[in-house]
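Reading through the structure tokens given below for one structure.
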Amino acid sequence: MKKYIVALTALVFFWSCQSDEDYENLNRDPKNPTEVSSEFLFTAATVSLSDNMASPNVNDGLYRFLSQYWTTTTYLDEPNYNLSSRQNPDNVWSELYRDVIFDIQDAKKIVAANTELEQSEINARLGQLEVIEVYAWSVLVDTFGDVPYSQAIQADEFPLPEYDDDMAIYEDLIARLGSVNAMLSAGTGYTSADAIYGGDMDLWIKFSNSLRLRLGMRISDVNATLSQATVEAAVAAGVFTSNDDNATVVYQSNDPNTNPLWVDLVQSGRSDFLASATIVDYMNELEDPRREAYFDENLEDGYVGGVYGGSNNYSSYTHIGDPFLDPTREGILIDYAEVEFNLASAAELTYSVGGTGESHYNAAVTASIEYWGFADTVAEDYLAQTDVTYDGTSEQLAKQFWIAMFDNPFQGWSVWRKFDAPELAIPEEYETPVPLRFTYPVDEQNLNVDNYINASSAIGGDDQQTPVFWDVN
Amino acid sequence: MKTKFSGIFTLFLALVVQISFAQTKTISGTVTDDNGAPLPGVNIVVKGTTTGTQTDFDGLYSIEASTGDVLTFSYIGFGDEEVTIGSSTTVDVQLKAGESLEEVVVTALGIKRDKKALGYATQQVDGSEVSDVPTQNFVNSLSGKVAGLKITNTGTLGGSSNVVIRGNSSLTGNNQALFVIDGTPVGNENNNRSGQSTGGGGYDYGNAASDINPDDIASINVLKGAAATALYGARAANGAIIIETKKGSKNKGIGIAVTSSLMMSDVNKETLPTYQDQYGAGYGAYYASEDGYFNLSDIDGDGNLDETTPFTEDASFGAAFDPNRMVYQWNSLYPQLDTYQQATPWVAARHTPNDIWKTGYTSINSVALDGGTDVSSFRVSATHFNQEGNLPNSNIKRNTIKFSGSHDFTDKFSAQTNVTFTKTDGKGRYGTGYSAQNIMQQFRQWSQTNVDVYEQRDAYFATRENITWNPNGPNDLSPIYSDNPYWVLYENYETDTRNRYFGNINLNYEISDVFSVLGRFTFDTYEELQEERINVGSADVAKYSRFNNRAAEYNYDLILNFNKDITDDLNLDGNLGVNLRRNERNYILASTNGGLNAPGFYALSNSASPMNPPDEYEMKRMLDGVYARAGVGYLNTYFVEGTIRRDRSSTLPMENNTFYYPSVSTSVLLSNVIEANWLNFAKLRANYAEVGNDTSPYRVFNTYSISAPFDGAGWASNNSQLANPDLKPERMKSYEFGLEGNILDRRIGFDVSYYNSKTENQITPVPVSTATGFTSKLLNAGTIENKGVEVSLRLNPIRTEDFSWNMNINWSKNKSSVLELTDGINNLQLGSFQGGVSINAAPGQPYGAIRGTAYVYDTDGNRVITDAGYYETTPNANYIIGNIQPDWTGGVSNTFDYKNLSLSFLIDVQQGGDVFSLDTWYGFATGLYDQSVGTNDLGNPIRNTIANGGGVILDGVQGDVSYNDDGTYVVSNTSANTVRARTDYYGNPYGYGRDANEGHVYDASFVKLREASLTYSFGKKVLDVVPFTRGSISIIGRNLWIIHKNIPYSDPEAGLSSGNIQGYQSGAYPTMREIGASLKLNF
């Protein structure tokens, strides 16, 4: 009897002497860290942003359909702008908030607390993080209008954040870009973790200014004063001056670090995507030399785009060009052509940006043609064509701007929204007009009900046809 | 196989004759009640064996037994009686009614209790009920046999079974019942890969309860409520299935039992599509040929363009079949085939995909030896299970060896052990969900009715290449969407193997008449390897992946028992115990990247691109409990017991890791209080219990996830779930009332329960706005209530000398409702699916609301039709369009015994519950099914263009719809719909192009003839001349007939796998009818 009592007591003792710390330590995941260096987050956020801008996947942003550069063969929901069946707004929203902005803000906290770095190095890193963050915010606003901003990324305090006015967010973003150059020029920033410039801080300054130029030009129709001040300050601080300055992410040859284009065009083994008749027709009219790069010469007689948003037989229409089948193709955040088109537009508004509308327009078209590997004489010949030679109309500028943004399709869609040109097609099958914005995510409608309703009424209704604040005519 | 089967059998027989038998003799006698009236149907077993019989109508019995054997006589409502066989061959027994009702059941922690003293519901199932008509997973045999237990099997080979008792009590946690075998908790998780349960593709590797060998099961006791399982602590909330296995008995010579069964299975065509046979490949008329239905390409090389099938199109909205029209089809493209460059008539396939199914079979052979001396006993069994699937290249094999032994070291000190080893090997389990590896995806959703599946088969076997009907085009023969189905089955197959050991060691010491102590160590550990393959040349990127998984659970128990009659009328018993539980799990999932270099060679080293880091998981958790139970019995009529348990868990934050919870239950034997002739036995019971629960590991501290580096730079991202350092334990509160009894000379037995349980403070990933950077935040939030009624009835309408009819009826209705989530949150998504539907917990709704797009109705309930003649559908997929919970479930089993013949069958019923079919969602748009052809109100084929008088006028009204902010709407200006909608292409009103999700939600009710068996037991005359002592031969069947269902083309029970997410079919597999025979012999 005694020995059993001893055994029982021993077991109870064994059981009770496990300390609470022993328990809690078991609950720390040995395979997923609780701390990481900010480099890891910076790289991840930058590439996630680039992925979002480049992806042709039907679950993502659909920018190549919104700009009508591409269309599909058989499965027509997405080119017909059905955003609900695959919850595209939810996906874009969470990719930008969760995979970009949250990780960037977290990286800022981590790097700010890093005692091994000089303050100048911390500032430079914070500057790089800031540019990526502002870029992501601007995409959110351009996509949705009002979005959570001041209460965003604070899950404990604001699990259901309020939405901020889109114009107010833009003003803040512009102000943030105004002060970022001082940080970027403070010292050495991220180098090997910098997927864009590998730590070249001069280029980062040009990148931030080119982004500021973009935002400044976006609001030219709604706040001319701020627009002009922003654009002129950006130009004075130095924007891109050649394709060598382009802000791009060069992808890798192996999954998961390839350009998202390759995943859907090559790896999938499917034949879903075609060049859209919308752009093929415009480029055919202009006999645009870039057709050789943009499109595949799979047809015997020239280029024929698929009927936009209609059923198309893959073998009868022009396919997407070879450059887009390369897994290492770079993803474009801002390129020199876009900068020059913005400058052309600014010059026409008599902002003091140096040069004329025509000089910047010519530089923009040339930059685009050269980017795709053609000699400058090709650009000269092209610019000499009647319909291409600068005529000072915003229709012409918009059309060329739009053609040049073929591989930065979010900008292509934005150009069309801002200039209402060139004319895009009504999709064949369901005839849904081109969205002016994304409707808010279904998750927001379900979860963040009160704030959603306020935001919807603030922007004039949560509808694909409600324009964002800068799209006023 | 037949030779193998008979070979094994011969071996068994050879073994048998080598063994000398114990001397047995025939014992006979009469069993009467205390008034001397004969008792029919009394169970008599030779203690510790499976040898048993029943008394006939006159209370007479005879049984083979040896001197020294103990015969146990038991009858519901009477006390057991045990008689040791002496020299006499006649044993007459008188059973005492009511007063000493000694039906003993095994309750929580293996504590054996008198059933009469229990204040909670349990339901006992005899081992034979899960082994007589064997299945791959014995759990499936419980369907319809226990009130309140809901079993759902997905229908794939070796697929998992969902086992839920009294409804889902946890919003997002585990809701599966706990399995305990001889006191050893064994895991029943499924280790399917992520995304499988939401239809993302992958295989259903089954769940671990299938490692339990039905032939070793002596009895199953289902503990339904929290009071019954309270001593199991944190894991008790879901009810428990307590299994006792067969054991050897003391004082007995070697006995041998041999069972053998063989079942053939064939597809039930009612659960397959019915294909239309009038139109072939295409999505509509927009291709290159003059009529728009065909493409043009020079196939035969004569320089002229030929009409070809639109190869890339995985739909059947093409040209009407015309045997005189010669078309170049897929078989004209491949130089390897005899049909190369040849046109063939445009006709429907002679062999549709339904012809792919072959006869499968399942054989189970088992042999068991048992015996014992005066101080020890043992039983050893070996079972071989082999199932050949109904698709080629698929099978599951399982070998089980089990040992049970006991030894008395002294009168007071004894030891028992049970050890089981199971090895399961699977090959070619069926691909599930929306994946090219699931051939049902093409067969039910995306295919061409002109493709003959036998021609695909012959093309594959002639070349062993992926000769698909669905190439990119004449100049690019790589598959665009679908592979040759035989290529999928023979090249892209999985294999898996699982080695599992479980068992326990028990030491018992009887300290005194009052006290005894039990020390127990239990273990359950398995290692498994899952390998998946996609060969070079498939539509998907070639791939090899392997998943190495190990899981283990160890329990250390020390229990002090006491039992004391304080006075003649007052009995006190109880237990005091400690339980230490340790769980471990680790796995690695590694995959090749970017394809395979060498075709058909499946090794990680064959990865085409450098591999990404494998997924790695490592987990240890511990939970320690102390508990006490005390029961008081007064006058053997009034019983009260209480339990309390304290747990400490490693998965909760330090401050909140300890929690207490109590239960109290009571019962009164009414039959001791009420004197009535018609009342043989009655018990009223009631209980209240609370159960605390911890959570999964790693939910307290936030972590980052690290992914493959980008160009050498490290990559980390925040998790999308916000951990919570302030988590508290969950709590379930439940109460229950019940009445059970026997009346009218025990011709009617009944057991009725009402229960109500509420689970509060659930640890739930509450969704937050993704603008927070997270998608969810772990909170103690959410309450689910389950309340319901369970009824089981045992009827014995006919009882004569030669004939008896017994009937068991089980019926249960569970009403679950999500009472609340947390402030401001009005929906919790449990899973979202292809097709835009989701399964949700929504306050005010039963658990498992299906959301999707809905039709729009006017106030009279008419569907609103658009100007173009299609259904108006809601603008988002946020509308509740169904619920997965059934209204009620039930089962009726009948057994007819006539002399040596016994016929029994089980009818299993479910009323209500919904299921969404992705198969018809896509399939109705691709024109595969017979619903896509026919004639319209004008008498014209609906597939004609509108201009040619085709199309249909949908039933509904035209009207104006205006939506409010909250999703409600107002319909005005209605008028009858007269617009004909196009039904000549994929954008018809019935498929994904234009229909609402609501149109593809089906009622999941069914009535099924689940099991039937006809058994002949060898009589005395036969047994006298053969070398065995007992034997029977049976004809058995399972899933024989779906008497009623409301979903077309599939089985309402088909699904993806076990777990909380049910009610969704994607590439559903058909049901198999199984018919066979079994033989049982005892020596």
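Each chain gets a letter, A, B and so on, in the order the sequences are listed, and its residues count up from 1. Bear in mind the structure is a predicted one, so any value in this text is a computation, not a measurement.
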> Heavy-atom distance under 4.5 Å between the side chains of B/S650 and A/E24, does that happen here?
Replying inline: no
>> Counting only non-hydrogen atoms closer than 4.5 Å, does B/N878 touch chain A with its backbone (N, CA, C, O), its side chain (CB onward), both, or neither?
In response: side chain
> Under 4.5 Å, heavy atom to heavy atom, which residues of residues 87-95 of chain A contact chain B?
Replying inline: A/W93, A/S94
> Heavy-atom distance under 4.5 Å to chain B: side chain of A/Q105, backbone, both or neither?
Replying inline: neither
>> Measuring from atom CG of B/N724 to atom CG of A/D156, what distance do you get when rounded to the nearest 0.5 angstrom?
In response: 8.0 Å
> Which atom pair, heavy atoms only, marks the closest approach of A/R98 to B/G773?
Replying inline: CG-O, 3.0 Å
> Side chain, backbone, both or neither: which part of B/A771 has a non-hydrogen atom closer than 4.5 Å to chain A?
Replying inline: both
> Can you say whether A/S85 sits under 4.5 Å from chain B via the side chain, the backbone, both, or neither, judging by heavy atoms?
Replying inline: backbone
> What residues, two or more places apart in sequence or in another chain, satisfy salt bridge (Lys or Arg N to Asp or Glu O under 4.0 Å) together with B/E616?
Replying inline: A/K31
> Of the backbone (N, CA, C, O) and the side chain (C-beta and beyond), which part of A/V449 lies under 4.5 Å from a heavy atom of chain B, both, or neither?
Replying inline: side chain
> Run the side-chain hydrogen bond (donor to acceptor under 3.5 Å, both in side chains) check on B/S609 and A/N254 step by step: do they pass?
Replying inline: CA-CA 6 Å; B/S609 302; A/N254 295 320; 3.0 Å; yes
>> Could you check whether A/Y75 and B/Y481 have their ring centres less than 6.0 Å apart?
In response: yes
> So, does A/D255 use its side chain to make a donor-acceptor pair with the main chain of B/G594 at under 3.5 Å?
Replying inline: no
> Relative to chain B, which segment of A/V147 carries a heavy atom at a distance below 4.5 Å: side chain, backbone, both, or neither?
Replying inline: neither
> Which heavy-atom pair separates B/F701 from A/N27 by the least distance, and what is that distance?
Replying inline: CD1-O, 3.8 Å
>> Any heavy-atom pair between the side chains of A/P441 and B/T770 that's under 4.5 Å?
In response: no
> With only heavy atoms counted, which part of A/F42 is less than 4.5 Å from chain B, the side chain, the backbone, both or neither?
Replying inline: neither
>> Is it true that, when you exclude A/D450 itself, more than 12 heavy atoms of the residues, nucleotides or ligands shown sit nearer than 6.0 Å to its CG?
In response: no
>> At a 4.5 Å cut-off on heavy atoms, which part of B/L296 comes close to chain A: side chain, backbone, both, or neither?
In response: neither
> Can you tell which of A/Y452, A/F40, A/Y149 has the highest number of heavy-atom pairs within less than 4.5 Å of chain B?
Replying inline: A/F40
>> I'd like to know which of A/E21, A/E157, A/E39 tops the heavy-atom pair count under 4.5 Å against chain B.
In response: A/E21
> Side chain, backbone, both or neither: which part of B/D540 has a heavy atom under 4.5 Å from chain A?
Replying inline: neither
> Would you say the side-chain atoms of B/N826 pair up with the backbone N or O of A/L447, donor to acceptor, closer than 3.5 Å?
Replying inline: no
>> Please determine whether side-chain contact (heavy atoms from CB on, under 4.5 Å) holds for the pair A/Y430 and B/R994, giving the CA-CA distance in whole Å, both sets of side-chain angles, and the decisive distance to 0.1 Å.
In response: CA-CA 10 Å; A/Y430 299 108; B/R994 287 205 160 87; 3.6 Å; yes
>> Taking side chain as everything from C-beta outward and backbone as N, CA, C, O, which of these in A/F158 sits under 4.5 Å from a heavy atom of chain B? Side chain, backbone, both or neither.
In response: backbone
> Roughly how far, to the nearest 0.5 Å, is CD1 of B/I480 from OG1 of A/T74?
Replying inline: 7.0 Å
> Counting heavy atoms not belonging to B/K543, are there more than 12 under 6.0 Å from its NZ?
Replying inline: no
>> Which one wins on heavy-atom pair count under 4.5 Å against chain A: B/L652, B/D711, B/N997?
In response: B/D711
> For A/S37, is it the side chain, the backbone, both or neither that has a heavy atom under 4.5 Å from a heavy atom of chain B?
Replying inline: neither
>> Give me the atom names and distance for the closest heavy-atom approach of A/L160 to B/S769.
In response: CD2-N, 4.1 Å
>> Donor-acceptor pair, distance only, cut-off 3.5 Å: does the side chain of A/N313 make one with the backbone of B/A288?
In response: no
>> How close do B/S705 and A/N32 get, counting heavy atoms only, and between which atoms?
In response: CA-OD1, 4.1 Å
> With side chains defined as the heavy atoms from C-beta onward, is the minimum distance between B/Y986 and A/E429 less than 4.5 Å?
Replying inline: yes
>> Is the shortest side-chain heavy-atom distance between A/L41 and B/N718 below 4.5 Å?
In response: yes
>> Under 4.5 Å from any heavy atom of chain A, what part of B/S478 do you find: side chain, backbone, both or neither?
In response: neither
> Do B/W715 and A/V47 have side chains that get closer than 4.5 Å, going by heavy atoms?
Replying inline: yes
> Any side-chain heavy atom of B/Y287 within less than 4.5 Å of one from A/S311?
Replying inline: no
> To the nearest 0.5 Å, what is the distance between OH (B/Y704) and OG1 (A/T34)?
Replying inline: 8.5 Å
>> Quick check on the interface: out of B/A315, B/A716, B/G967, B/P610, who has the most heavy-atom pairs with chain A under 4.5 Å?
In response: B/A716
>> With a 4.5 angstrom heavy-atom cut-off, is it the side chain or the backbone of A/N80 that approaches chain B, or both, or neither?
In response: neither
>> Please classify the contact between A/I101 and chain B as side chain, backbone, both or neither, with a heavy-atom cut-off of under 4.5 Å.
In response: neither
>> Given heavy-atom pairs under 4.5 angstrom as the criterion, report whether the side chain, backbone, both or neither of A/S192 touches chain B.
In response: backbone
> Taking atom OG1 of A/T46 and atom CZ of B/F710, what is their separation to the nearest 0.5 Å?
Replying inline: 9.5 Å
> Which atom names give the shortest non-hydrogen contact between B/S717 and A/D103, and what distance separates them?
Replying inline: OG-OD2, 2.6 Å
>> Quick check on A/N448 against chain B: is it the side chain, the backbone, both or neither that has a heavy atom closer than 4.5 Å?
In response: side chain
> Any side-chain heavy atom of A/P256 sitting closer than 4.5 Å to one from B/N612?
Replying inline: yes
>> side-chain hydrogen bond (donor to acceptor under 3.5 Å, both in side chains), that's the test. Do A/N446 and B/N827 meet it? Break it down for me.
In response: CA-CA 7 Å; A/N446 288 338; B/N827 192 57; over 6 Å; no
>> Report which part of B/P310 has an atom under 4.5 Å of a heavy atom belonging to chain A: side chain, backbone, both, or neither.
In response: neither
> Rounded to the nearest 0.5 Å, how far does CG of B/N472 lie from OG of A/S315?
Replying inline: 10.5 Å
>> If I take atom CG from residue B/N876 and atom OG1 from residue A/T439, how far apart are they, to the nearest 0.5 angstrom?
In response: 9.0 Å
> With a 4.5 angstrom heavy-atom cut-off, which part of B/Q829 approaches chain A: side chain, backbone, both or neither?
Replying inline: neither
>> Tell me whether A/N257 contacts the main-chain N or O of B/P709 through its side chain, where contact means a donor paired with an acceptor under 3.5 Å.
In response: yes
> Is the shortest heavy-atom distance from the side chain of A/Y23 to the side chain of B/M622 under 4.5 Å?
Replying inline: yes
> Just by distance, do the side chain of B/K777 and the backbone of A/P159 share a donor-acceptor pair under 3.5 Å?
Replying inline: no
> Does any heavy atom of chain A fall under 4.5 Å from the side chain of B/T775, the backbone, both, or neither of them?
Replying inline: side chain
